[in-house]
Undergrad: 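Take this structure, written in structure tokens, and hold onto it; I'll ask about it next.
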Amino acid sequence: MPELPEVETTRRGIAPHLLGATIAALEIRQPRLRWPVPTQLPETLPGQVIRAVRRRGKYLLLGTDAGTLILHLGMSGSLRLTPPDSPWRKHDHFALRLTTGLGLRYHDPRRFGCLLWTETAPEQHPLLAALGPEPLEPAFTGGYLHAHARGRRMAVKSFLMDSRIVVGIGNIYANEALFRAGIAPNRPAGRISLRRYEHLAQAVRTVLAASINQGGTTLRDFVDAAGNPGYFRQTLQVYGRAGEPCPVCGTGIRVQRLGQRATYWCPQCQR
DNA sequence: ACTGGCTCCTGAGGGC
DNA sequence: TGCCCTCAGGAGCCAG
């Protein structure tokens with residue numbers, strides 16, 4: 001679920017409360033996430049001061065002097081700030097408790113997320129080492145996409161969702177960016193011109209930034225650190241709109257599976 | 001080197 | 001009401 005805008009919304013919500021705070025405890029209810037929560041963490045963390053709250057792709061990184069917590073929200077995860085002694089709800093799997101009493105509660109029905117720990121530079125962690133550029137930073141350009149797509153037959157939508165190419169773009173925003181760029185999702189990545197990739201890179205930047213401004217997209221589970229949903233869903237042009245008229249030309253929006261993911265597009269506007 | 005397919009997990013919704 | 005099937009925002013891992 002959470003793609004870059006939702007993770008960034010979460011980061012912005014928790015950062016002011018976590019920066020400079022001291023960890024009192026890590027309470028674990030369910031250590032069996034995508035990978036087991038490291039068993040030594042509850043002994044390692046107390047007393048550590050949170051020095052940084054960063055995001056890399058869809059990963060959240062909480063930096064301390066002893067190491068860095070690596071957090072991923074998977075498909076259905078969310079983080080909420082909670083008052084002291086807040087009751088545990090079903091699917092609350094762990095909580096970071098600060099010395100102020102404030103809690104950071106992780107909720108994830110599907111348990112595809114993770115909580116890991118690294119004592120070296122997090123960029124060198126196996127999960128992060130091969131990640132592509134951030135789509136909202138200058139290294140992400142049409143020229144970059146065009147160069148990396150050379151000779152590749154994979155559908156451009158799958159290419160755009162490959163975190164080794166560019167991070168943060170999941171199924172919703174891949175659909176939306178391709179619609180805005182006028183590119184058919186199943187077009188082979190290597191058969192798209194530089195000019196069209198420049199449009200695509202711009203569409204990616206525009207749609208991600210617009211969604212961040214709306215607090216992300218909530219389909220079912222996502223809430224920000226205060227427990228509020230995001231409001232970008234109403235701005236989605238094609239995702240989840242099979243059969244509805246294209247907002248540009250009125251042609252019916254189509255849906256088809258592509259790479260095991262629901263793919264929405266306008267057959268008239270996207271070529 | 002690429003590619004597509006499978007997998008983890010719970011819950012919601014539709015058809016019967 | 002209940003059962004069974006399909007699908008859902010991710011992405012690592014594997015075989016071919």
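Throughout, a chain's letter reflects where its sequence line sits, starting with A, and its residues are numbered from 1. Because the structure is predicted, anything quoted here is derived from the model rather than measured.
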Undergrad: Go nucleotide by nucleotide along DNA chain B from the 5' end; which of Pro109(A) and Arg150(A) gets its closest nucleotide reached first?
TA: Arg150(A)
Undergrad: Would you say the base of dA11(C) stacks on Phe112(A) (centre-to-centre below 5.5 Å, plane angle below 30°)?
TA: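 Not stacked: fails the 5.5 Å / 30° test.
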Undergrad: Below 4.0 angstrom from OP1 or OP2 of dC8(B), is there any side-chain N or O of Arg32(A)?
TA: no
Undergrad: Using a heavy-atom cut-off of under 4.0 Å over every strand shown, decide if Gly170(A) touches base, sugar-phosphate, or nothing.
TA: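 Answer is sugar-phosphate: Gly170(A) comes under 4.0 Å of backbone atoms only.
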Undergrad: Applying a 4.0 Å non-hydrogen cut-off, can you work out what Phe232(A) is touching in the nucleic acid: base, sugar-phosphate, or nothing?
TA: nothing
Undergrad: If I pick the P atom on dC6(B) and the same atom on dT6(C), what distance separates them, to the nearest angstrom?
TA: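 Each nucleotide's P atom is 13 Å from the other's.
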Undergrad: Can you establish whether the number of heavy atoms outside Arg254(A) located under 6.0 Å from its atom CZ is more than 12?
TA: no
Undergrad: Are Phe159(A) and Leu194(A) linked, directly or through intermediate hydrophobic residues, by side-chain heavy-atom contacts shorter than 4.5 Å (ILVMFWY only)?
TA: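 Result: no, two separate clusters.
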Undergrad: Taking Watson-Crick (N1-N3 plus N6-O4 or O6-N4) and G-U wobble (N1-O2, O6-N3), each under 3.5 Å, can you produce the dot-bracket string of DNA chain C? Use [ ] for crossing pairs and | for inter-strand ones.
TA: .|||||||.|||||||
Undergrad: Need one value for Arg220(A): base, sugar-phosphate or nothing, where a base atom within 4.0 Å counts as base even if backbone is also close, heavy atoms only.
TA: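 Contact class for Arg220(A): base.
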Undergrad: To the nearest angstrom, how far is Met161(A) atom CE from dG4(B) atom P?
TA: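 After rounding, the reported distance stands at 13 Å.
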Undergrad: Mapping Arg164(A) and His91(A) to their closest nucleotides on DNA chain B, which lands nearer the 5' end?
TA: Arg164(A)
Undergrad: Base, sugar-phosphate alone, or nothing: which one does Tyr173(A) contact when heavy atoms must sit under 4.0 Å apart?
TA: nothing
Undergrad: Rounded to the nearest Å, what distance is computed from the NE2 atom of residue His72(A) to the C1' atom of nucleotide dA11(C)?
TA: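 That distance rounds to 7 Å.
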Undergrad: Provide, to the nearest angstrom, the distance between the CD1 atom belonging to Ile70(A) and the C1' atom belonging to dG10(C).
TA: 16 Å
Undergrad: Which atom pair, heavy atoms only, marks the closest approach of Arg205(A) to Phe140(A)?
TA: NH1-O, 2.9 Å
Undergrad: With DNA chain C as reference, determine whether Lys58(A) or Ala262(A) sits nearer its 5' end, using the nearest nucleotide of each.
TA: Ala262(A)
Undergrad: Spell out, yes or no, whether Leu258(A) and Phe179(A) are grouped together once hydrophobic residues are joined by side-chain heavy atoms under 4.5 Å, including indirect joins.
TA: no
Undergrad: If you check the Gln260(A) side chain, which of dG5(B), dG12(C), dG10(C) turns out closest?
TA: dG5(B)
Undergrad: Could you measure the distance from the CZ atom of Arg29(A) to the NZ atom of Lys90(A)? Nearest 0.5 Å is fine.
TA: 14.5 Å
Undergrad: Strictly below 4.0 Å: does Lys90(A) bring a side-chain N or O up to OP1 or OP2 of dT10(B)?
TA: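 Checking Lys90(A) against dT10(B): no side-chain N or O falls below 4.0 Å of OP1 or OP2.
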Undergrad: Using 4.0 Å as the upper bound for N to carboxylate O, is an ion pair formed by Glu27(A) and Arg97(A)?
TA: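 A salt bridge links Arg97(A) with Glu27(A).
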Undergrad: How would you list all residue pairs meeting salt bridge (Lys or Arg N to Asp or Glu O under 4.0 Å) that involve residues 58-81 of chain A, not counting sequence neighbours?
TA: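 Listed by first then second residue: Arg51(A)-Asp65(A).
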Undergrad: To the nearest angstrom, how far is Leu33(A) atom CG from dG12(C) atom P?
TA: 16 Å
Undergrad: Write down the distance between CG (Leu219(A)) and C1' (dG11(B)), rounded to a whole number of angstrom.
TA: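 Whole-Å distance recorded here is 15 Å.
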Undergrad: Give the C-alpha distance, both sets of side-chain angles, the deciding distance and a yes or no for salt bridge (charged side-chain N to carboxylate O under 4.0 Å, His left out) between Arg195(A) and Glu198(A).
TA: CA-CA 5 Å; Arg195(A) 180 178 164 75; Glu198(A) 284 168 350; 5.9 Å; no
Undergrad: Any donor-acceptor pair under 3.5 Å between the side chain of Arg110(A) and the base of dC9(B)?
TA: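 Yes.
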Undergrad: Examine dT10(B): is either OP1 or OP2 under 4.0 Å from a nitrogen or oxygen in the side chain of Arg111(A)? Give yes or no.
TA: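 The answer is yes; a side-chain N or O of Arg111(A) sits under 4.0 Å from OP1 or OP2.
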Undergrad: With respect to the phosphate group of dT3(B), does any side-chain polar atom (N or O) of Arg152(A) fall under 4.0 Å of OP1 or OP2?
TA: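 Checking dT3(B) against Arg152(A), a side-chain N or O does come within under 4.0 Å of OP1 or OP2.
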